[in-house]
Amino acid sequence: AQKITQTQPGMFVQEKEAVTLDCTYDTSDPSYGLFWYKQPSSGEMIFLIYQGSYDQQNATEGRYSLNFQKARKSANLVISASQLGDSAMYFCAMRGVLSGYALNFGKGTSLLVTP
Amino acid sequence: KAGVTQTPRYLIKTRGQQVTLSCSPISGHRSVSWYQQTPGQGLQFLFEYFSETQRNKGNFPGRFSGRQFSNSRSEMNVSTLELGDSALYLCASSPRAGGPGETQYFGPGTRLLVL
């Protein structure tokens with residue numbers, strides 16, 4: 001079975017600061033994908049970043065980077081230069097053959113960016 | 001390119017009724033997945049359709065069903081509604097099915113309230 005754990009229910013960060021959102025996972029899949037999504041209060045899930053389990057380099061997308069440590073089974077999201085619009089729920093998710101490639105989500109972390 | 005669209009955005013139903021939700025994927029995307037999001041259970045996978053065939057199904061009762069049309073549009077149906085079916089129903093599309101690296105792009109969701 002696959003399991004995604006996000007241990008931080010809520011986080012605060014000041015505008016323009018960097019913040020790290022934690023994600024650990026457990027799987028016996030030989031090949032899997034890790035994703036981060038942002039969900040504002042409107043409800044839509046917005047794709048942020050993807051990391052493949054065999055990717056040698058950490059993924060980056062603009063202000064988002066993924067700190068992937070395969071041996072520790074962690075895939076933390078780093079947001080640099082936080083903006084007020086970054087306030088939202090953030091979900092870590094995984095897909096692999098064991099789930100039939102369905103996305104398996106963590107419980108999420110609520111991020112509040114303050115002025 | 002237009003994103004994933006879902007209709008209706010909001011629904012209020014009473015127990016015992018049935019409901020049909022609709023999802024139009026991003027143009028060119030042939031895989032459509034459905035997820036249920038509730039405060040208690042978080043995000044849970046319902047099913048995935050590709051080329052009009054159900055590829056994968058989550059752990060939901062038979063009251064939950066879906067289908068996909070030749071233009072890749074998808075509908076999901078919930079019969080004999082229960083109070084616990086109140087949730088945000090999210091549809092996601094991807095170009096292809098399967099594979100750990102396929103990114104799913106989500107629609108704005110349909111908020112269903114069962115009274």
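Throughout, protein chains are lettered first and strands after them, A, B, ... in sequence-line order, and every chain is numbered starting at 1.
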### Query
Distance from B:Glu48 atom CD to A:Ser99 atom OG, nearest 0.5 Å?
9.5 Å
### Task
Heavy atoms only: give me the nearest A:Ala102-B:Asn56 pair and the separation to one decimal.
CB-ND2, 3.8 Å
### Query
Going only through I, L, V, M, F, W and Y residues with side-chain contacts under 4.5 Å, is there a path from A:Leu103 to B:Tyr105?
yes
### Task
Report, as yes or no, whether the 6.0 Å neighbourhood of atom NZ on A:Lys16 holds more than 12 heavy atoms from other residues, nucleotides or ligands.
no
### Task
Select one option (side chain, backbone, both, neither) describing which atoms of A:Gln39 are under 4.5 Å from chain B's heavy atoms.
side chain
### Message
If we ignore hydrogens and angles and just use 3.5 Å, is the side chain of A:Asn104 paired with the main-chain N or O of B:Phe45 as donor and acceptor?
### Response
no
### Task
With a 4.5 Å heavy-atom cut-off (strictly below), which parts of residues 62-74 of chain B touch chain A? List them by number.
none
### Task
Consider only side-chain heavy atoms of I, L, V, M, F, W and Y, link residues closer than 4.5 Å, and tell whether B:Val78 and B:Leu83 are in one cluster.
yes
### Task
Start with the C-alpha gap between B:Leu43 and A:Tyr37, add the side-chain angles, then the distance that decides, and say whether side chain to side chain contact (heavy atoms under 4.5 Å, CB included) holds.
CA-CA 12 Å; B:Leu43 282 146; A:Tyr37 287 87; over 6 Å; no
### Query
Between B:Tyr35 and chain A, which part of the residue has a heavy atom less than 4.5 Å away: side chain, backbone, both or neither?
side chain
### Message
Let me check something: do B:Val4 and A:Ile46 share a hydrophobic cluster, defined by ILVMFWY side-chain heavy atoms less than 4.5 Å apart, either directly or through other members?
### Response
no
### Query
Given the rule in the side chain to side chain contact (heavy atoms under 4.5 Å, CB included) test, do A:Phe35 and B:Thr103 qualify, once you have shown the distances and angles that lead to the verdict?
CA-CA 8 Å; A:Phe35 301 81; B:Thr103 297; 3.5 Å; yes
### Message
Are the side chains of B:Glu102 and A:Arg95 in contact, using a 4.5 Å heavy-atom criterion?
### Response
yes
### Task
Report, by ascending residue number, the residues of residues 108-115 of chain B in heavy-atom contact with chain A at a distance under 4.5 Å; give 'none' if the set is empty.
B:Pro108, B:Arg111
### Task
Decide whether B:Val19 and B:Phe47 are clustered together by the hydrophobic rule: side chain heavy atoms of Ile, Leu, Val, Met, Phe, Trp, Tyr closer than 4.5 Å, transitively.
yes
### Query
Among A:Gly106, A:Gly108, A:Ser31, A:Ser53, who wins on heavy-atom pairs under 4.5 Å with chain B?
A:Ser31
### Query
So with a 6.0 Å cut-off around CZ of B:Arg9, is the heavy-atom count from everything else above 12?
yes
### Query
Do B:Phe106 and A:Tyr50 share a hydrophobic cluster, counting only Ile, Leu, Val, Met, Phe, Trp and Tyr and linking them when any side-chain heavy atoms are less than 4.5 Å apart?
yes
